Amino acid sequence: MRWSRYYIPTLKEAPSDAEVISHKMLIRAGMIRRLTAGVYSYLPLGWKAIRKVEEIVRQEMDAAGSLELRLPAVQPGDLWKESGRWEQYGKELLRFLDRHERECCLGPSHEEVITDLIRGEVRSYRRLPLSLYQMQTKFRDEIRPRFGLMRGREFIMKDAYSFDRDDAGADISYKGMYEAYKRIFSRLSLKFKAVEADSGSIGGNFSHEFMVLAQTGEDTIVSCQACDYAANVERAELQPPAAKDATVPPAMREVSTPGKHSVADVAVFLGVSPELIVKTLVVEADGKPVLVLVRGDRDLNEIKLKNYLKAETVRLASPEQVREWTGSPVGFAGPVRLELPIIADYELLTREGWVVGANKADAHIVDVSLGRDAMVQGYADVRNVAAGDCCPRCRGLLETMRGIEVGHVFKLGTKYSEAMNATFVDEKGEEQPIIMGCYGIGVTRVVAACIEQNHDEYGTIFPPPVAPFEVVLMNLDITSAEVCAKADELYTFLQGKGLDVLLDDREERPGSKFKDADLIGAPIQLVVGAKSLARGIVEAKDRRTGHKTELPVENFADAFAVWKDTVYAGWIV
RNA sequence: CGGGAUGUGGCUCAGCCUGGUGGAGUGCAGCGUUCGGGACGCUGAGGUCGAAGGUUCAAAUCCUUUCAUCCCGACCA
């Protein structure tokens with residue numbers, strides 16, 4: 001491709017509403033433009049990167065035996081009522097009425113549609129197992145879309161679905177997809193980790209997320225330094241404590257803590273460590289109050305709590321509810337003398353003598369023994385894992401890191417097949433529900449994740465498999481017939497080698513060409529100019545390392561081949 | 001949905017407090033000088049100052065409403 005004929009509207013400055021690096025870079029490099037909140041146009045360069053990701057995904061899905069198809073984006077509300085998600089999904093489901101006032105939605109995922117398709121077609125065990133996938137635009141009306149392609153309301157996703165006769169078959173399908181995902185993200189040169197995850201509203205009982213490691217990731221993941229345990233912090237478990245300090249404190253007593261309603265304030269005011277304070281969280285579980293106790297320096301994990309309580313909805317109570325239920329403003333709730341269900345985190349078993357809220361304004365109680373002074377109904381694992389905790393598998397040390405969720409594999413089981421009556425007839429002639437799995441990859445998010453993981457102050461640095469152009473070939477002297485001839489010759493040569501080459505033949509000064517080449521992130525830059533040509537060389541730059549090499553014009557083919565291999569080898573993760 | 005902020009040429013922003021002929025940089029078009037890490041000079045095009053209403057002799061500026069966008073939080077696959 002000749003740059004003069006291509007369209008890459010690069011910008012010196014990023015729009016002020018772009019927060020994260022990938023968002024800024026995608027816009028500055030002329031790859032995307034925003035239409036409205038969370039909705040972007042993919043410009044030629046951006047679309048080219050997306051297509052490269054799609055192609056790798058497609059190759060690996062095909063290799064894993066999945067069959068590509070294409071399902072509708074417009075879906076009837078009735079189908080979603082059958083699965084129960086019409087009510088469950090909430091406002092994130094983009095709904096509308098058609099001209100006949102029929103309820104419709106734009107698909108945020110396609111479990112319903114694919115289950116509907118299969119239940120009408122697959123009737124016999126002889127047709128199973130079956131695996132189908134598609135690349136499609138998904139619609140999720142996020143409360144707060146942000147970070148460019150990272151969390152949009154409209155985005156491209158690869159979603160695959162497996163259908164099996166039994167659990168053993170479903171396990172094989174799941175494992176197959178898990179392995180395919182590992183190959184995909186490795187081929188994309190991403191540093192990633194597969195972690196155990198909560199399965200959320202899609203349903204099912206077991207899932208793994210594929211996380212691209214990056215500081216700007218929206219998810220926190222924990223991993224064990226000793227074994228291969230890794231999990232989303234939403235899911236990561238903690239074992240009950242092994243040891244317990246049974247030292248009983250002296251009688252509890254109330255102390256005045258005027259205006260000190262945060263753990264940090266109370267700790268400073270009383271001169272104690274936050275680890276000695278019990279944080280009492282007032283929670284509304286299915287409309288009813290529950291007190292949840294965690295150590296002052298810990299965070300409540302609402303998903304664990306929800307699972308423990310077997311509740312439909314769990315949320316922190318409003319300040320009004322806190323006042324009504326505990327008789328005190330937010331910040332002074334406590335477990336002493338309160339007739340509400342109380343759940344405490346396991347960690348609170350390790351010692352006694354806590355500082356707790358007194359259920360009245362400006363007062364706390366010290367030397368509290370939860371066993372003696374409060375009515376704790378149950379101890380459970382309800383807090384977030386933090387760095388320094390013990391691995392639930394091997395008791396090794398856990399560490400935390402940030403990740404961008406780019407893929408998710410679920411074992412759905414029979415959630416949808418039972419709700420929607422998708423069955424097959426087995427060898428014995430008996431009707432059985434199909435066992436399902438579903439597997440997603442956020443294609444557009446992968447592009448953003450690539451940039452989050454690979455960039456510098458000058459622009460994006462694309463891994464070769466994702467780069468819209470692998471080589472930018474700069475012609476610095478377009479008025480020189482000699483330079484043009486050589487540039488064109490190299491251009492043809494490189495294309496002949498199967499490389500995606502962008503020949504910068506624009507009427508621009510060299511400085512602009514260098515800046516633009518850095519910005520769009522091609523892993524290889526080649527420079528042809530009158531000066532270098534006079535010396536018989538072509539300048540080559542490895543975009544990732546910044547190293548420059550001089551390749552001889554004579555015998556360029558061999559020198560380039562060797563050099564290119566070393567550049568690409570540097571990308572292997 | 002709660003809290004905070006911002007809407008002024010394509011982009012980044014000043015002007016608003018204290019009302020009186022709408023600005024700069026960048027980008028764009030033309031000409032000239034330049035030409036290996038975003039050159040310089042001159043000329044030019046481009047704005048219903050987010051929208052509506054109000055106050056006023058006069059509104060980008062003050063008031064009200066509204067829409068949009070962003071940030072924090074809550075919510076959530």
Side-chain angles (χ1 to χ4, degrees), chain A residues 9-20 23-24 27-28 30 33-39 85 88-93 107-111 138-148 151-153 155 157 159 197-204 207 209 218-219 232 234-235 283-284 300 302-303 306 312-321 330 405 407-410 412 438 440 442 445 457-459 474-480 483 504 506-520 525-535 537-539 541 546 548 550:
Chain A
T10 58
L11 298 174
K12 284 186 182 174
E13 292 171 294
S16 50
D17 58 9
E19 281 286 306
V20 297
H23 189 191
K24 288 179 184 166
I27 288 173
R28 284 196 56 208
R33 288 292 184 264
R34 192 184 69 93
L35 177 64
T36 183
V39 179
R85 289 208 294 177
Q88 191 189 353
Y89 217 99
K91 289 188 177 173
E92 212 171 287
L93 183 61
S109 68
H110 284 72
E111 285 81 8
K138 307 288 187 187
F139 301 87
R140 294 189 188 173
D141 198 359
E142 297 279 350
I143 286 177
R144 194 141 87 83
R146 55 182 154 180
F147 302 156
R151 180 170 291 278
R153 293 195 296 166
F155 58 98
M157 188 176 202
D159 48 320
D198 186 73
S199 40
S201 86
I202 285 189
S207 77
E209 288 168 338
E218 292 189 280
D219 290 282
N232 192 310
E234 293 176 347
R235 157 96 182 190
V283 169
E284 181 194 318
L300 172 67
E302 291 186 30
I303 291 171
K306 186 165 138 183
E312 283 291 315
T313 63
V314 164
R315 64 167 174 236
L316 284 178
S318 66
E320 294 73 34
Q321 287 173 317
V330 170
E405 182 192 343
H408 203 162
V409 292
F410 294 87
L412 289 175
C438 79
R445 190 184 273 185
E457 59 184 305
Y458 304 109
M474 283 172 265
N475 176 343
L476 295 193
D477 296 278
I478 58 164
T479 54
S480 156
V483 172
D504 192 348
R506 295 175 299 166
E507 293 181 38
E508 291 286 342
R509 297 164 59 83
S512 300
K513 296 191 177 187
F514 290 129
K515 292 292 185 189
D516 276 344
D518 284 347
L519 190 54
I520 70 170
Q525 293 177 11
L526 295 175
V527 180
V528 184
K531 285 188 184 175
S532 50
L533 217 48
R535 292 171 48 220
I537 59 112
V538 171
E539 198 174 286
K541 181 171 129 177
K548 290 176 183 170
E550 295 186 347

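Note: hydrogens, waters and symmetry copies are ignored here, and every other heavy atom, side chains too, is used. Chain letters run A, B, ... following the sequence lines, proteins first, then strands; residues in each count from 1. Just so we're clear, the structure is a prediction, and the values are computed from it rather than from any experiment.
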Answer for the Watson-Crick or wobble partner of C40(B), both distances under 3.5 Å, is G32(B)
Discussion item. What's the gap between C62(B) and C16(B) when it is taken at their C1' atoms, as a whole Å value?
Written reply: 10 Å
### Message
For R33(A), I'd like to know if atom CZ has over 12 heavy atoms of other residues, nucleotides or ligands within 6.0 Å.
### Response
yes
C11(B) and G38(B): how far apart are their C1' atoms, nearest whole angstrom?
15 Å
Applying side chain to side chain donor-acceptor pair (under 3.5 Å) to D141(A) and not counting sequence neighbours gives R153(A)
In whole angstroms, the gap separating C1' of A77(B) from CD of E405(A) amounts to 8 Å
If pairing means Watson-Crick or G-U wobble with both distances under 3.5 Å, then the partner of C16(B) is none
Taking every heavy atom of E284(A) against every heavy atom of Q321(A), the minimum-distance pair comes out as OE1-NE2, 2.6 Å
Using the C1' atom as the point on both nucleotides, what is the distance between G9(B) and G23(B), in whole Å? 11 Å
Nearest heavy-atom approach of H408(A) to A197(A) is NE2-CB, 3.8 Å
Here the distance between atom P of C75(B) and atom CZ of R140(A), to the nearest Å, is 19 Å
query: Do F155(A) and R445(A) pass the side-chain contact (heavy atoms from CB on, under 4.5 Å) test, and can you show the C-alpha distance, the side-chain angles, and the key distance before you say yes or no?
result: CA-CA 8 Å; F155(A) 58 98; R445(A) 190 184 273 185; over 6 Å; no
Contacts under 3.5 Å, N or O only, protein and nucleotides 34-38 of chain B:
| unit_1 | atom_1 | unit_2 | atom_2 | d |
| --- | --- | --- | --- | --- |
| U34(B) | O2 | R509(A) | NH1 | 2.5 |
| G36(B) | O6 | S532(A) | N | 2.9 |
| G36(B) | O6 | S532(A) | OG | 2.9 |
| G36(B) | N2 | E539(A) | OE1 | 2.5 |
| G36(B) | N2 | E539(A) | OE2 | 2.9 |
| G37(B) | O6 | K548(A) | NZ | 3.4 |
| G37(B) | N1 | D518(A) | OD2 | 3.3 |
| G37(B) | N2 | F514(A) | O | 3.4 |
| G37(B) | N2 | D518(A) | OD2 | 2.2 |
| G38(B) | O2' | K12(A) | NZ | 3.0 |
| G38(B) | N1 | D516(A) | OD1 | 3.0 |
| G38(B) | N2 | D516(A) | OD1 | 3.3 |
| G38(B) | N2 | D516(A) | OD2 | 3.2 |

Smallest heavy-atom separation, R506(A) atom then S512(A) atom, equals NH2-O, 4.3 Å
Practice prompt. Check whether any side-chain heavy atom of E111(A) lies under 4.5 Å from a side-chain heavy atom of D159(A), and answer yes or no.
Written response: no
Taking the P atom in each of G7(B) and C63(B), what is the distance between them to the nearest angstrom? 14 Å
Taken to the nearest whole Å, CD1/I27(A) to P/G27(B) is 19 Å
**Request:** Mind checking E302(A) for me? I need base, sugar-phosphate or nothing, with any heavy atom below 4.0 Å counting as a touch.
**Result:** sugar-phosphate
Please measure how far the P atom in C70(B) lies from the corresponding atom in U8(B), and state the result in whole Å. 14 Å
Between CD of E507(A) and C1' of A39(B) the distance, given in whole Å, is 16 Å
Atom CD of E13(A) and atom C1' of U26(B) are separated, to the nearest Å, by 6 Å
What one should report as the nearest heavy-atom pair of R144(A) and R151(A) is O-CD, 3.9 Å
Practice task
Sticking with atom C1', work out how far U6(B) lies from A14(B), rounded to a whole angstrom.
Solution key: 15 Å
Nearest heavy-atom contact between K541(A) and G546(A) is CG-O, 4.0 Å
Pairing partner of A60(B), by Watson-Crick or G-U wobble and under 3.5 Å for both distances, is none
Worksheet item: Quantified in whole Å, what is the C1' atom distance between nucleotide U12(B) and nucleotide A52(B)?
Response: 29 Å
Every protein N/O within reach of nucleotides 68-73 of chain B N/O, cut-off under 3.5 Å:
| unit_1 | atom_1 | unit_2 | atom_2 | d |
| --- | --- | --- | --- | --- |
| U69(B) | OP1 | T36(A) | OG1 | 3.2 |
| U69(B) | OP1 | A37(A) | N | 3.4 |
| C71(B) | OP2 | R144(A) | NH1 | 3.4 |
| C72(B) | OP2 | R144(A) | NH1 | 2.8 |
| C72(B) | OP2 | R144(A) | NH2 | 2.6 |
| C72(B) | OP2 | R146(A) | NH1 | 3.3 |

Please state the C1' separation for the pair A45(B) and U26(B) - nearest whole angstrom.
16 Å
To the nearest angstrom, the CZ-C1' distance between R151(A) and C75(B) comes to 11 Å
Side-chain donor or acceptor of N475(A) paired with backbone N/O of D477(A) under 3.5 Å: yes
- [ ] Report yes if the side chains of V538(A) and V527(A) come closer than 4.5 Å at any heavy-atom pair, otherwise no.
- [x] no
In Watson-Crick or G-U wobble terms, with both distances under 3.5 Å, the base opposite G73(B) is C1(B)
Rounded to whole Å, CG of N232(A) lies from C1' of A77(B) at a distance of 12 Å
What is the nucleic acid contact for E142(A), judged by heavy atoms within less than 4.0 Å: base, sugar-phosphate only, or nothing?
nothing
Atom CD of E284(A) and atom P of A74(B) are separated, to the nearest Å, by 16 Å
The residue, P15(A) or E209(A), whose nearest nucleotide of RNA chain B is more 5′ is P15(A)
When both distances are under 3.5 Å in a Watson-Crick or G-U wobble arrangement, the nucleotide paired with A51(B) is U65(B)
